[in-house]
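Quick notes on the structure that follows.
Chain naming here is simple, since letters A, B, ... match the order of the sequence lines and numbering starts at 1 in each. Just the heavy atoms: all of them, side chains too, but no hydrogens, waters or symmetry mates, feed the values below.
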Amino acid sequence: MGELIHLVVSGTATGAIYALAALGFTLLWQASNTVNFAQGEFVMLPAFMMLFFIGTLGTPLWLAFLLTCPVAMLLLGYTFKRVIVDPLIRHGVIPLVIATLGLAIGLKQLVKASVTAQAQPFDSAFPNGLLTMGTITVSYADVGTLLLAGMIVIGLQLFLNRTLTGRAMQAVAQNTEAAKVLGINVQRMVLYTFLINAVLAVVTALLITPTYLAKFDMGESIGLKAFYAAIIGGFNQARGALLGGVLVGVLENLTGAYVSAAYKEGVALLLFMIVIIVRPEGLLGKPEERKV
Amino acid sequence: MNRTRRAILVVALMVGALLPLFLKSYGIYLLTLLCVYLMPAFGLNLIVGYAGQMSIGQGAFYGIGAYIAALLMTKAGIPFWLVLPVAATSCFTIGLALGFPALRVQHHYLAFATLGFNVLVYLVMRNEEQLTGGTFGMSNIPRPSLFGYSFDGALPFFYLTYVSLLALGCVLWWLLRSPWGRAFAALRDNPIRAESTGVNITAYTLLAFAIGAACAGIGGAYLAALVNFIEPGQFGVSVSLTMLLAVIVGGSGRFFGPVLGSAIVILLPEWLRFLQDWYLTLFGFAVIVMMIFLPGGLLSFADRLKTRRRAP
Amino acid sequence: MTASPSLLEVKDIRKHYGAIKAVDGVSLSVDPGEIVGVIGPNGSGKTTLFNSILGQIKPTSGNVEFCGEDITGMSPLQLSRRGVGRTFQTLQVFVKLSVRDNLIAAAQEFKGTMPSRLFAPPDAGLGYHADEMIELFRLKHVAHLPAGSLSYGQQKLIDIAMAFMPAPQLVLLDEPCAGVNPILVDELHDLLVNLNRTQGGSFVVIEHNMDFIMKLCAHVVCMVEGKVLAEGPPAEVQSNRQVLEAYLGN
C-alpha cells in the first residue's frame, strides 16, 4: 500500500512536469494554431542555459533560473514567433510542423556540436531525502515539484481568468476574428502566449533535468510526452493538458513497477492511440466539427 | 514529360550505373546505401507528397522489413528472394492497419500517431531480445545469390540494388500515372471535394500507407543484406524524421524529389565530414529557411523561376 | 402531385444547433429534369439544408429520398455513387492538379472498379469527355495549368464543370454566381440550360442573384429563418409580399 502511494505520488509529480510542457503546447495551439514539434528542445535549451549560468558565472540555481527566464522569453518566445511562426502560419499547420521539426534537429545538434554530447548532472531545486508519514514515504523532490507545478498552474489560471490581459488572451484563443473586431491587439496576445510557453519550458527544465540529466537529446522524450498528454486530455482545453500529464505520469510509474519496465515508455503511446481512436477530441476536449 | 527532362533522366541513369566503376569500396557502399534508402523514401513520398498524409513512422517499416529479412535468412535459412515478398506483404498489412488512425485524425495528430508507432516498434526491437537480439542486434546477414551467382561483392550487390530500385521506381511511376495517382492527388488537395466526386477516401488513405510501407519493407530487406548487421538504433524515430525531411527538402509530390533529398541526407555529409555534428545543425536550420522561402522543396525552384518570368 | 414519382423528396428536414434552429421543417420535391431554385436572405438555412441533404452534416430529424430510396445521412461518397453531384459555395477544386485533371478526377471514380482503374489508361478513358467539357466552359487556354493558379471566376467554372462531368441525375449548386462577374453570370445561365437539356439532370440551385434564379428556374422556394416562406413559379414568389418583407426587412 505504501509503495503504491509512493508510486502514485511520484508519478503525479512527474506527470505535473509533463503537464507544464503540455500546457505550453495547448496554449500555443489555441492562440495561433502552432504545433511546436521542438517543444522538447525548448526544455533542453533552458537546461543548458541554467548550467551555463551556474558553471561559468557561478550563480546559484535560483538565480540561474531567474536569469534564464528572460533569455528564453527572448529566444524561444519572441524570436521563435517572429522568425519562424509568423512567416509560416498562413500556409497552414503542416509547413510549420516541418519547420519546427527542422528546428528540433537544429537545436539538438547545435548543443551537441557546440557544448557537449555527454549527459550533464543537474542539481535539484529541492533538498534530497524522504518524507515519512507512517507507512507512506515520499521524496522532498516530489512534494516540491508538485507544489511548484501547482503554484504555476494556479497562477496561470488566475492570470488567464482574472486579469484583463488574460481574458483578452482567452478571447483570442477562442475566436481570433471576433477578438480583432473587439479591438484586442491579437498579435500582442499571441506573443504573450509564446512568452508564457517559454517560461513554462524553463520551469519544466528546472524540474525535469535533475532526473533526465542535461543532454542534447533529452527533449525527444519530454516533447513526445507533452504532446501525448495534451492529446489525451484534449488539445483545445488547458485543463486537458493537466489531466493528460498526470495520467501519463502515474500510469508510467505503475506500469514500470508492476507490468514491465522495458515498455514503460510505451504507456503514453498506448493511451494516446486509444484516445484518438475512441475519442479524438481528448478526454476533456470539445469536438471540432469538420468544416465544409 | 518533355524531351529535355527525358534526356536528363537517361543521362542520370547512365551516370548512376557507371559511377561505381570509378569508386573505391566505400564509395560503392554509399551509392548502394542511397539506392536502398530511396526505396522507403519513394514510398514515403507517395504517402506524404501524393496522398497528402503525414508520417513520421517510415523508419519503423524500414526496420520491420530489415528484421523480417534478417530473421528469416539467418534463423530459418530462407533465401533472399522468398524473404522479399514476405517483408513487402507484412509491411503492407501493418501499413494498412496504421492507416486507420489516419482516417480519424489528420496532420499533426497523424504525425504523432505514426511517430508513436515508430517508438513502439523500436521498443519491441530493443526489448524482445530472444527474437531480435535486443541492443546487440542481428549480425551475419547473408547477401543474396541467384542461380548460383552470388551478389557478395560490392559491385554486384550495387547493380542488384540499382536494378531493383529502378524496377520499384517504374512500378510506382506507373501507379502514379494511372487514375490512382490522380485519386491520391485529389485526396491530398481536397478530401471533402474528393469524397463528393466519388473518391473512396478511406480506401485510398489506407492504400497509400500500405503501399508506402511495402516499399519500406522491401528497402529494409535490401538494407539488411547490404550492411549484414542491424540493430534498433538504425530504425529509431530520428531515422523517420530525417527521411521525412529528406522527402520534403527534395520536393514532396515530385517523383524525383526523394532522390535529391536522400542525396543531401546520405551523400552530402560524407563530403562535408569536417563539419561533423554541425552538418545536421545546418541541415535543421536550412529546413526552416526552406519552408519559409521555398516550401515546395528544392525541385520546385525551377517552377518558381518559371512563374516569376510569366508574371513579373 | 403528378403521377410520375419525383427524383428528390425532402421531407420535413430539421437541423438544430442547441436552441438555434438552422433548418426548421423544410420539405421540397424535385421532378426529373426540373430546375428548382432556393432563395432566401443570408442565414436563412439554405446551405445547412444543402449540407443535410448531401450528408455533410446529420439532420436532427426528417428524411431525404432519392429515386424512392431513403438517403438520409448517407456519406457524400455514397451519394455521389447514386448520381447526386454538387458544387460548393467556397472554391473547392484540386488546386495542384491541372484543370483537365480536375475534370477527369471528378468522373474517373465512376468508371470501372478500383482494381481495374489501376490498369486503365492515365486519363481513365475520359480525356475526350473532359476536353468537351473544357470547350463548353471555355477553359481551353488554361486547361493544362494548375487549377489553384487561376482566377476566382475560372475556378468557379471548374467547380461547376466538375459536378457535371459524371452526368449526375441531380446536381445541387450552392451559389454558383457568388463573386462572379455579370458577363460570366449570363454565360453560366446559358451553360446550365444547355447542360440541363443535354444531360437531362435535375438541378437545385441556391442563389442570391434574383435575375439568374428567375430566368433559370421553373420552381422557386424561398426560405426564411429555417422555414419555407413561399414556393411556386418564380413570378409568383417574387411578388409575394412576405418574401419582399423578408428581403427588405421591416
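Contact count versus chain B (heavy atoms, under 4.5 Å) is highest, among C/Gln78, C/Lys111, C/Met165, C/Arg81, for C/Arg81. Counting heavy-atom pairs under 4.5 Å between each of B/Ala194, B/Ala186, B/Ala203 and chain C puts B/Ala186 at the top. Between chain B and the residues C/Ala124, C/Gly148, C/Ala105, the largest count of heavy-atom pairs under 4.5 Å involves C/Ala105. In terms of heavy-atom pairs under 4.5 Å with chain B, the best-connected choice from C/Ile104, C/Val84, C/Leu54, C/Leu126 is C/Ile104. Taking chain C as the reference chain and counting heavy-atom pairs below 4.5 Å, the highest number among B/Asn200, B/Leu207, B/Thr202, B/Val199 is found for B/Val199.
Look at C/Lys96 and B/Asp189 and you find no salt bridge, because none of the NZ, NE, NH1 or NH2 atoms lies under 4.0 Å from a carboxylate O.
Looking at B/Leu176, there are no atoms closer than 4.5 Å to chain C (heavy atoms on both sides), in backbone or side chain. Using a 4.5 Å cut-off between heavy atoms, C/Asp159 contacts chain B through both its backbone and its side chain. Looking at C/Leu118, the atoms closer than 4.5 Å to chain B (heavy atoms on both sides) sit in the backbone and in the side chain alike. Heavy atoms closer than 4.5 Å to chain B are found in both the backbone and the side chain of C/Ala163. In this structure, chain B has a heavy atom under 4.5 Å from the backbone of C/Pro121, while its side chain stays farther away.
For B/Phe301, the CZ atom sits in a loose shell: 12 or fewer heavy atoms of surrounding residues, nucleotides or ligands are nearer than 6.0 Å. Within 6.0 Å of the CZ atom in C/Arg138, the count of heavy atoms belonging to other residues, nucleotides or ligands does not exceed 12. Summarising the local packing, CZ of C/Phe110 is surrounded by more than 12 heavy atoms from other residues, nucleotides or ligands at distances under 6.0 Å.
Residues B/Arg182 and C/Phe94 fail the side-chain proximity criterion, which asks for heavy atoms closer than 4.5 Å.
Closest approach of C/Arg86 to B/Ser196, counting heavy atoms only: CG-OG, 4.2 Å. C/Ser80 and B/Glu195 make their closest contact through OG-O, 3.8 Å (heavy atoms, listed as atom of the first residue, atom of the second, distance). In terms of heavy atoms, B/Pro179 sits closest to C/Ala120 at CD-O, 3.8 Å.
A donor-acceptor pair is defined here as one N or O able to donate and one able to accept, closer than 3.5 Å; no such pair exists between the side chain of B/Arg193 and the backbone of C/Leu91.
In this structure, the ring of C/Phe119 has its center no less than 6.0 angstrom from the ring center of B/Trp180.
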